[in-house]
Amino acid sequence: MNNIAGSLSQAFSLILHLDQELLSIILLSLRVSGSALVVSIAIGLPLAAFMAFGKFPLKGIFVNILNTFMGLPPVVVGLLVYLFLSRSGPFGFLALLYTPSAMIIAQTILALPIVASLTHSAIVSVDPIIRQAAKTLGATPLQISLTVIREARYGIMSGIMAAFGRVMAEVGAILIVGGNIAGYTRVMTTTIALETDKGNFELALALGLILLAISLAINVALNVFRKKGTAEA
Amino acid sequence: MNLRLRISQIRKSHNGDRVLDDCSFFFEQGGVYVLTGPNGSGKSTLLRICALLERPDSGEIAYFLGQERLEDNIFLRRRVTLVLPQVGIFNTSVFNNISYGLRVRGAGRSEIEQKTAEMLAFSGLTQKRGQNAPSLSSGEKQRMGIARGLVIEPEMLFLDEPTASIDETNTRLIEEMILEKKKQGITMIITTHDRAQAERLADKLLMIRDKKLVSVPA
């Protein structure tokens, strides 16, 4: 009990003094997860719009596959990215393994189905009368689609925040492809795992508290978007 | 403005049930045509077909400008508009809702501001300009829907049950809006199941009887 209290006290001290090592780990986490999120949005939003508005065969099966990918196990993603990026893999020549880029790729694969699937779900949930109203007011097919996407904005933001929450808290994939190299690929979750293993609970706890604070902030933002969406619907 | 509409031998079925059978009519420019009849008689379906929102199973919809027949394209669609019974409120301010049709037509900022302000005043919603539209009352939503249709200065305006399920005050305000626009020569085609209202508004009264469109003597 004394051990936990002591570790907690030192963890708070690390946070308050904004230890340099702690800061660099937090910044790298945000950089990796933030980049993965940006790439996921750039691919996921057009993909979701295409799935929602496009007419093509086997659409229902594609939507089901996308929904299934939301639950991809991170270690499996890590393993696959590792196999593709390892020296003997098809993309080994890029020398990306054990770099932040490899971690961004792995996290993008985890975040993309969440962004795309929840965006698709938000778009198809928009009342069909919105599309009809836009059409009767003279909107072109593209303007109609943009209007529907705008109506789905709170649902889309919820999806983006959910994806960010998942990749920020993820450890399996980035540990495999990043290698947890100090000062280079070490992020919050991998540091917590490593420091706990070593018995250095202060840094692990400090990072755990910050991760919790970030999760809390994401959840608060999620609730704000959900409430806004419900209140204005 | 001299837009006219001819519908010929329109047939339409929903889920295998024939709703409209051999409906034909020529809507001349100007005046108020009121289409009346009980719920489920096919009024809304015919209105949606006329407004190019639905296609008939067979028959022809033809718009004429003078003697020239217009092709069904975005330019024709921008000459007419339909105000749906549930309006289809966009989740944004009243101002943004009313100005939508101007914005999709690429109107400039000053034109948007001026015409939208005029329509806000016309519909009695100036005070609600910045309010989130979904929070309006049913009657205000309906008035906003009509203002949103009128702001683009349509040559033909379709109103589907514009006063259904709203209070007397709003019904009176909407009828005043319709009569005011009638003076300006806009062709309006309105559906209502309220026979008294139909007679108050109509220059020409129509009815769907046995799935066919018929003229009713005043």
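Every chain is numbered from 1 and lettered A, B, ... according to where its sequence line falls, protein lines coming before strand lines.
- Heavy atoms from other residues, nucleotides or ligands lying under 6.0 Å from NZ of K12(B) number more than 12.
- Under a cut-off of 6.0 angstrom, the local environment of CD in E60(B) is crowded, with over 12 non-hydrogen atoms contributed by other residues, nucleotides or ligands.
- Annotation: R55(B), atom CZ; neighbour count of heavy atoms from other residues, nucleotides and ligands within 6.0 Å does not exceed 12.
- Proximity to chain A (any heavy atom under 4.5 Å) is shown, for V151(B), by neither the backbone nor the side chain.
- You'll find the side chain of L52(B) stays beyond 4.5 Å of the side chain of K135(A), heavy atoms only.
- Here the closest heavy-atom approach between residue R148(B) and residue A133(A) is recorded as NH2-CB, 3.6 Å.
- Of the atoms belonging to F90(B), heavy atoms from both backbone and side chain fall under 4.5 Å from chain A.
- Between chain A and the residues I152(B), L102(B), L53(B), the largest count of heavy-atom pairs under 4.5 Å involves L53(B).
- Residue V83(B) does not touch chain A at all, counting heavy-atom pairs closer than 4.5 Å.
- In this structure, K181(B) places its NZ atom where more than 12 heavy-atom neighbours from other residues, nucleotides or ligands lie under 6.0 Å away.
- Using a 4.5 Å cut-off between heavy atoms, I74(B) touches chain A through its side chain atoms alone.
- Without hydrogens or angle criteria, R77(B) side chain to G138(A) main chain gives no donor-acceptor distance under 3.5 Å.
- A distance of 11.0 Å separates CZ in R105(B) from OG1 in T140(A), rounded to the nearest 0.5 Å.
- To the nearest 0.5 Å, the span separating OG1 on T136(A) from CZ on F158(B) amounts to 11.0 Å.
- Contact annotation for R79(B): neither backbone nor side-chain heavy atoms come within less than 4.5 Å of a heavy atom of chain A.
- The 12-atom threshold is not exceeded at CZ of F62(A), counting heavy atoms of other residues, nucleotides or ligands nearer than 6.0 Å.
- Counted within 6.0 Å of CZ on F69(A), heavy atoms from surrounding residues, nucleotides or ligands total 12 or fewer; the atom is thus considered open.
- Of the inter-residue distances, the one linking D127(A) atom CG with N91(B) atom CG reads 12.0 Å to the nearest 0.5 angstrom.
- Within the 4.5 Å cutoff, no side-chain heavy atoms of V104(B) are placed close to those of L137(A).
- Side-chain atoms of Q143(A) and R103(B) include no donor-acceptor pair closer than 3.5 Å.
- At a 4.5 Å heavy-atom cutoff, R131(A) makes no contact with chain B through either its backbone or its side chain.
- Interface remark: of the candidates G145(B), G101(B), G88(B), G88(B) forms the most heavy-atom pairs closer than 4.5 Å to chain A.
- For the atom pair OG1 (T92(B)) and CZ (R150(A)), the distance works out to 4.5 Å, reported to the nearest 0.5 Å.
- Of the two parts of I89(B), only the backbone, made up of N, CA, C and O, holds a non-hydrogen atom closer than 4.5 Å to a non-hydrogen atom of chain A.
- Around CZ of F75(B), the count of heavy atoms belonging to other residues, nucleotides or ligands within 6.0 Å does not exceed 12.
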